[in-house]
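Below: the structure, in structure tokens.
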Amino acid sequence: MDLRLYDTLTKDKRVFAPIDPSKVRMYVCGPTVYDFAHIGNARPAIVFDILFRLLRHRYGEAHVTYVRNITDVDDKINDRALRDFPHLPLNEAIRKVTEKTEAQFHADVDALGCLRPTVEPRATDFVLPRADGKTDMVTLIGQLIERGHAYVAEGEVLFDTQSMPDYGKLSGRRLDEQQAGARIAVDAHKKHPGDFVLWKGSSDNEPGWDSPWGRGRPGWHIECSAMAAAYLGTTFDIHGGGLDLIFPHHENEIAQSRCAHDTAVMANYWMHNGFLQVEGEKMSKSLGNFVTIRELLESKRFGGRNWSGAVLRFAMVKTHYRSPIDWTVDALDESSKRLTRFRQTVEKFGARAGGDVAPAFLERLADDMNTPAAIAELDGLNRRANEASDQDAARQLAASLSLLGISPDMEQRAPGNELFDDNIRQLIGSRTAARANKDFKESDRIRDVLLAMGVVLKDGKDTDGKPVTTWEIAR
RNA sequence: GGCCACGUGGCGGAGUGGUUACGCAACGGUCUGCAAAACCGUGUACUCCGGUUCAAUUCCGGACGUGGCCUCCA
């Protein structure tokens with residue numbers, strides 16, 4: 001069965017053919033580490049994690065390289081550093097901000113069930129030429145100047161967009177059209193208003209590196225060109241990111257990379273996840289609907305309860321990755337219910353992941369990651385398992401969920417208390433014993449105790465007819 | 001103003017030129033010490049107007065609506 005992927009550049013869905021199946025290569029634009037990641041940031045992390053898992057499943061774990069950068073040089077980071085650590089030297093303050101934020105980001109996406117990428121390079125490690133000879137930004141910029149694709153003007157190095165005949169192909173923007181729009185800053189030193197900065201000078205309270213063009217820092221797009229080449233080579237398989245990055249970020253990455261390396265393409269498939277709204281409105285701090293991953297996991301700010309990483313992940317993948325998502329309490333509620341049903345079936349049959357993924361499920365996923373259709377197959381498996389006590393269906397359900405990055409125990413973790421789980425299991429054990437003795441008074445007492453803890457019990461039977469009790473957090 | 005998506009039942013959300021998506025909610029039932037859950041069954045749909053076609057929710061054109069990008073942004 002073929003894997004088919006939608007390519008933003010060619011606007012079509014086609015069979016994925018890696019350049020080298022023994023070394024499938026994917027680059028995804030990662031976070032700028034200046035503040036807590038919001039739920040919108042979680043989307044590309046989850047979407048491309050699923051693609052990563054799918055590729056590993058097809059080509060083998062050792063044959064897929066997933067690079068996701070960490071942007072740790074950015075004006076927002078500078079601002080945050082000056083605000084939060086005014087007494088520290090700038091570099092130290094910046095390091096404090098980026099290290100803390102990076103740790104937060106990792107904790108958040110870990111909780112969402114995302115695997116760590118193969119490599120997570122930090123931009124600041126790729127500004128200057130490196131001892132290991134991996135591609136760096138200064139060298140890349142030098143190559144662009146040499147090849148006549150960039151020029152120096154007023155202390156900046158600018159990319160000469162007119163030097164690239166098909167600039168704008170990804171976003172469908174032509175240079176002459178852009179002149180019409182008044183939004184692009186017209187600077188006298190630019191040859192064309194669409195030209196963008198590769199290198200800019202730094203003042204004393206901005207981070208800077210010594211370069212052939214003076215002390216300065218890289219522009220917004222060059223870091224990804226450098227790090228992608230450093231780990232994946234000049235042409236690779238998949239480049240991903242959010243829809244909003246198509247222009248200017250990815251457009252400019254393509255321009256830089258192709259012109260510096262003189263290649264026909266930078267990546268063979270450009271993939272973009274859709275945007276997310278919150279309760280029907282664009283997420284913004286001014287509307288007060290700005291919600292971070294951490295808040296969803298740990299606070300009751302959204303919907304009066306907190307949500308497990310599995311529920312957040314499920315809510316994210318029950319919509320196709322290219323469609324917009326309206327992030328609502330109702331959607332999380334529904335996700336929680338559906339997931340609980342799957343979990344109960346898996347537990348009831350004692351099914352463990354590691355078995356075979358259901359073929360129909362895999363087929364849906366292979367069709368440009370049609371996760372909603374794939375999940376519908378899980379409903380079918382769930383039904384088959386329960387209707388006909390079909391062990392195999394339950395095993396396939398567990399294995400398929402696992403390919404989606406969802407394991408049953410992710411759902412069960414009670415927030416903020418690691419002993420919670422064990423405690424509940426003990427109480428359930430006592431209650432099961434009481435029920436076996438027909439001591440229903442005691443049995444009901446324990447059930448009430450658990451209910452007071454916010455835990456609802458569900459009695460069932462396993463395939464041998466033995467009583468099995470599962471539980472979930474009360475809604 | 002330019003570019004790009006999208007508009008499916010009460011809600012979420014796939015897909016298809018003629019045949020059940022799927023789930024949540026609702027209603028009915030089976031089962032269980034009770035409750036809950038689970039399982040089974042039932043109903044409701046394809047924004048509007050033209051066109052192509054034997055046949056359109058599905059293709060083409062238009063209208064209206066929603067969202068995104070064009071500036072840091074997943």
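Order of the sequence lines sets the chain letters (A, B, ...), proteins ahead of strands, with each chain counted from 1. Model, not experiment: these values are computed from the prediction.
B:rC70 atom P lies 13 Å from atom NE2 of A:His249, rounded to whole Å. Between the C1' atom of B:rC73 and the NE2 atom of A:His38 lies a distance of 7 Å, rounded to the nearest Å. The nearest whole Å value for the distance from the NE2 atom in A:His250 to the P atom in B:rA74 is 11 Å. Separating the CG atom of A:Asp448 from the C1' atom of B:rC34 is a distance of 12 Å, rounded to the nearest angstrom. Following rounding to the nearest Å, A:Phe196 (CZ) and B:rC70 (C1') show an atom-to-atom distance of 16 Å. One can place CH2 of A:Trp270 at 18 Å from C1' of B:rC4, the figure rounded to the nearest angstrom. A:Asn78 places its CG atom 16 Å from the P atom of B:rC72, with the value rounded to the nearest Å.
You'll find that the side chain of A:Phe247 is closest to B:rC70, out of B:rC72, B:rC34, B:rC70. Comparing B:rG33, B:rG41, B:rC69 by their closest approach to the side chain of A:Arg435 singles out B:rG33. For A:Ala376, the listed nucleotide lying nearest its side chain is B:rC22; candidates were B:rA74, B:rG23, B:rC22. The side chain of A:Arg341 lies closest to B:rC39 when the candidates are B:rC70, B:rA74, B:rC39. Considering only side-chain atoms of A:Asp244, the nucleotide from B:rC69, B:rC39, B:rA36 that sits closest is B:rC69. In this structure, of B:rA38, B:rA74, B:rC72, it is B:rA74 that holds the atom nearest to the side chain of A:Asn273. Relative to the side chain of A:Glu387, the nucleotides B:rC40, B:rA38, B:rA74 differ in distance, and B:rC40 lies closest. Listed nucleotides: B:rG33, B:rG23, B:rC39. Nearest to the side chain of A:Asp379: B:rG23.
Across all strands shown, A:Asn382 has heavy atoms under 4.0 Å from sugar-phosphate atoms exclusively, and none from any base. Using a 4.0 Å heavy-atom cutoff across all strands shown, A:Leu276 reaches at least one base atom of the nucleic acid. Using a 4.0 Å heavy-atom cutoff across all strands shown, A:Leu245 reaches sugar-phosphate atoms only and no base atom. Using a 4.0 Å heavy-atom distance criterion, A:Ser443 is classed as a base contact. Using a 4.0 Å heavy-atom distance criterion, A:Gly40 is classed as a base contact.
Taking atom C1' on both B:rC24 and B:rC6, the two are 23 Å apart, rounded to the nearest angstrom. Across B:rC4 and B:rG10, the matching P atoms stand 33 Å from one another, rounded to whole Å.
Remark: A:Lys169 engages A:Leu9, A:Asp166 in a side chain to side chain contact (heavy atoms under 4.5 Å, CB included) (not counting sequence neighbours). Residues that satisfy the salt bridge (charged side-chain N to carboxylate O under 4.0 Å, His left out) test with A:Asp49, not counting sequence neighbours, are A:Arg53, A:Arg313. By the ring pair (Phe, Tyr, Trp, His ring centres under 6.0 Å) test, A:His272 is found to be paired with A:His250, residues two or more places apart in sequence or in another chain being considered. The side chain to side chain contact (heavy atoms under 4.5 Å, CB included) search around A:Ala358 returns A:Phe361, A:Leu381, A:Gln396, A:Ser400, not counting sequence neighbours. Under the rule for a side chain to side chain contact (heavy atoms under 4.5 Å, CB included), the partners of A:Ser257 that lie at least two apart in sequence or sit in another chain are A:Ser225, A:His261, A:Met266. Looking at residues two or more places apart in sequence or on another chain, you find a side chain to side chain contact (heavy atoms under 4.5 Å, CB included) between A:Glu156 and A:Leu158, A:His189, A:Val197, A:Lys200.
Applying the 4.0 Å criterion to OP1 and OP2 of B:rC69, one finds that A:Lys282 has a side-chain N or O inside that range. The side chain of A:Arg322 places no N or O atom within less than 4.0 Å of a non-bridging phosphate oxygen (OP1 or OP2) of B:rA5. At least one side-chain nitrogen or oxygen of A:Lys337 sits closer than 4.0 Å to the OP1 or OP2 atom of B:rA25.
Residues A:Tyr231 and A:Thr65 are not in side-chain contact: their nearest non-hydrogen atoms beyond the backbone lie 4.5 Å or more apart. In this structure, A:Thr118 and A:Val64 have side chains that are not in contact, with every pair of non-hydrogen atoms separated by 4.5 Å or more.
The aromatic ring of A:Phe275 does not sit over the base of B:rG68; the criterion of centres under 5.5 Å apart with planes under 30° is not met.
In terms of position along RNA chain B, the nucleotide closest to A:Gln277 lies nearer the 5' end than the nucleotide closest to the other residue of the pair A:Gln277 and A:Lys76.
Checked by distance alone, A:Asp459 brings a side-chain donor or acceptor within 3.5 Å of a matching partner on the base of B:rA35.
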Q: Using a 4.0 Å heavy-atom cut-off, write out nucleotides 9-16 of chain B from 5' to 3' as B (base contacted by protein), S (sugar-phosphate only) or - (no contact).
A: ---SSSS-
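Between the side chains of A:Thr10 and A:Asp12, at least one donor N or O sits under 3.5 Å from an acceptor N or O.
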Q: For RNA chain B, just give me the dot-bracket, please: Watson-Crick or G-U, both distances below 3.5 Å, ( ) intra-strand, [ ] crossing earlier pairs, | paired with another strand, . unpaired.
A: (((((((..(((.....[...))).(((((.......)))))....(((((..]....))))))))))))....
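Within the structure, salt bridge (Lys or Arg N to Asp or Glu O under 4.0 Å) pairs that include any residue of residues 269-280 of chain A do not occur (at least two apart or interchain).
Applying the 6.0 Å contact sphere to NZ of A:Lys13 captures more than 12 heavy atoms from other residues, nucleotides or ligands.
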